[in-house]
**Q** 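First, the structure itself, so that you have it in front of you.
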Amino acid sequence: AGRPVVAVNSGGPMETVVDQKTGFLCDNTPEDFSRALLRLLGEKDLSLTMGRSGHDHVKAKFSTQQFRKQWLQLVDECIEKGKLRRKNNQQRYTIWKSFYYIHEASLTLLAAIVLTYVL
């Protein structure tokens, strides 16, 4: 949405918000939140700059293309590990187990798409 973020400095926001660039990561206190909000209200240029940076950051890190790239990397890694297992004859998988793992991965992908676009 092109807006700066003010969030608690723990959990998910630490991965998505770049402190002082796309928004502010604050301690979980009313004083810290109010300081960040007052700064954004008082400095319109800062608010606009952070909003644009946040938009660019989300597009670069969390876009559909980025998700697709990470997904394909994961699939490639799984294929390579499977080849290594078969080569070393450490573990044999039946075709049904392969279908099960593909089904599980597909459900995970579907959930990620739903969370990305619906929520």
Side-chain angles (χ1 to χ4, degrees):
R3 303 284 186 260
V5 175
V6 177
V8 176
N9 192 13
S10 69
M14 292 178 67
E15 181 181 337
T16 56
V17 178
V18 180
D19 192 31
Q20 306 290 324
K21 184 176 180 197
T22 65
F24 295 107
L25 292 173
C26 304
D27 290 332
N28 193 13
T29 64
E31 296 81 18
D32 214 20
F33 269 84
S34 63
R35 267 193 297 276
L37 291 171
L38 287 172
R39 184 164 175 209
L40 289 172
L41 289 171
E43 299 179 37
K44 294 291 183 191
D45 289 341
L46 176 66
S47 180
L48 291 171
T49 302
M50 282 185 164
R52 279 189 223 107
S53 294
H55 178 77
D56 295 343
H57 176 70
V58 167
K59 274 180 77 175
K61 297 282 185 175
F62 304 103
S63 68
T64 306
Q65 290 103 355
Q66 188 65 22
F67 180 79
R68 181 178 180 272
K69 179 181 171 186
Q70 291 173 346
W71 178 257
L72 291 175
Q73 279 180 317
L74 179 63
V75 169
D76 287 343
E77 287 176 26
C78 290
I79 289 169
E80 290 305 315
K81 286 181 182 179
K83 286 179 183 177
L84 183 62
R85 268 192 228 115
R86 282 190 300 278
K87 181 180 175 186
N88 294 332
N89 210 10
Q90 293 176 344
Q91 190 171 0
R92 294 189 182 268
Y93 288 105
T94 66
I95 191 72
W96 299 112
K97 279 187 181 178
S98 297
F99 284 134
Y100 171 79
Y101 292 128
I102 290 170
H103 179 261
E104 189 175 275
S106 298
L107 289 176
T108 303
L109 176 61
L110 179 63
I113 290 170
V114 167
L115 290 174
T116 301
Y117 291 105
V118 175
L119 302 178

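Index from 1, following the sequence.
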**Q** Roughly how far apart are Leu48 CG and Arg3 CZ, rounded to 0.5 Å?
**A**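 Atom-to-atom, Leu48:CG and Arg3:CZ are 8.5 Å apart.
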
**Q** Residues two or more places apart in sequence or in another chain: which of them pass side-chain hydrogen bond (donor to acceptor under 3.5 Å, both in side chains) with Glu43?
**A** Arg39

**Q** If you round to the nearest 0.5 Å, how far is NE2 of His57 from OG1 of Thr16?
**A** 6.5 Å

**Q** For Leu41, what residues pass the side chain to side chain contact (heavy atoms under 4.5 Å, CB included) criterion, not counting sequence neighbours?
**A** none

**Q** Going by side-chain hydrogen bond (donor to acceptor under 3.5 Å, both in side chains), name the residues that satisfy it together with Thr64, two or more places apart in sequence or in a different chain.
**A** Tyr117

**Q** Tracing side-chain links under 4.5 Å among I, L, V, M, F, W and Y, which residues wind up in one group with Val8?
**A**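 Once heavy-atom contacts under 4.5 Å are chained together, Val8 belongs with Val6, Phe24, Phe33, Leu37, Leu40, Leu46, Met50.
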
**Q** Which residues pass the side-chain hydrogen bond (donor to acceptor under 3.5 Å, both in side chains) test with Glu15, sequence neighbours left out?
**A**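 Scan of Glu15 (side-chain hydrogen bond (donor to acceptor under 3.5 Å, both in side chains), adjacent residues dropped) gives none.
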
**Q** What pairs with Ser63 under side chain to side chain contact (heavy atoms under 4.5 Å, CB included), at least two apart in sequence or on another chain?
**A**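 Per chain and number, Ser63 pairs via side chain to side chain contact (heavy atoms under 4.5 Å, CB included) with Gln65, Gln66.
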
**Q** If the condition is side-chain hydrogen bond (donor to acceptor under 3.5 Å, both in side chains), which residues does Asp32 pass it with, not counting sequence neighbours?
**A** Arg35

**Q** List, by chain and number, the other hydrophobic cluster members for Val58, where Ile, Leu, Val, Met, Phe, Trp and Tyr join if side-chain heavy atoms come within less than 4.5 Å, directly or indirectly.
**A** Phe62

**Q** Suppose we screen for salt bridge (charged side-chain N to carboxylate O under 4.0 Å, His left out). Which residues come up paired with Glu80, at least two apart in sequence or across chains?
**A**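 Partners of Glu80 by the salt bridge (charged side-chain N to carboxylate O under 4.0 Å, His left out) criterion, ordered by chain and then number, come out as Lys83.
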
**Q** Please report the shortest heavy-atom distance between Leu25 and Met14, naming the atom on each side.
**A** CD1-CA, 4.2 Å

**Q** Where do Pro4 and Gly23 come nearest, in terms of heavy atoms and distance?
**A** CB-CA, 4.5 Å

**Q** Donor-acceptor pairs under 3.5 Å, side chain of residues 103-110 to any protein atom, not counting sequence neighbours: which ones?
**A**
{"from": "Glu104", "atom 1": "OE1", "to": "Tyr100", "atom 2": "OH", "distance (Å)": "3.0"}
{"from": "Ser106", "atom 1": "OG", "to": "Ile102", "atom 2": "O", "distance (Å)": "2.9"}
{"from": "Thr108", "atom 1": "OG1", "to": "Glu104", "atom 2": "O", "distance (Å)": "3.0"}

**Q** Which salt bridge (charged side-chain N to carboxylate O under 4.0 Å, His left out) pairs, counting each pair once, include a residue from residues 67-77, with sequence neighbours left out?
**A** none

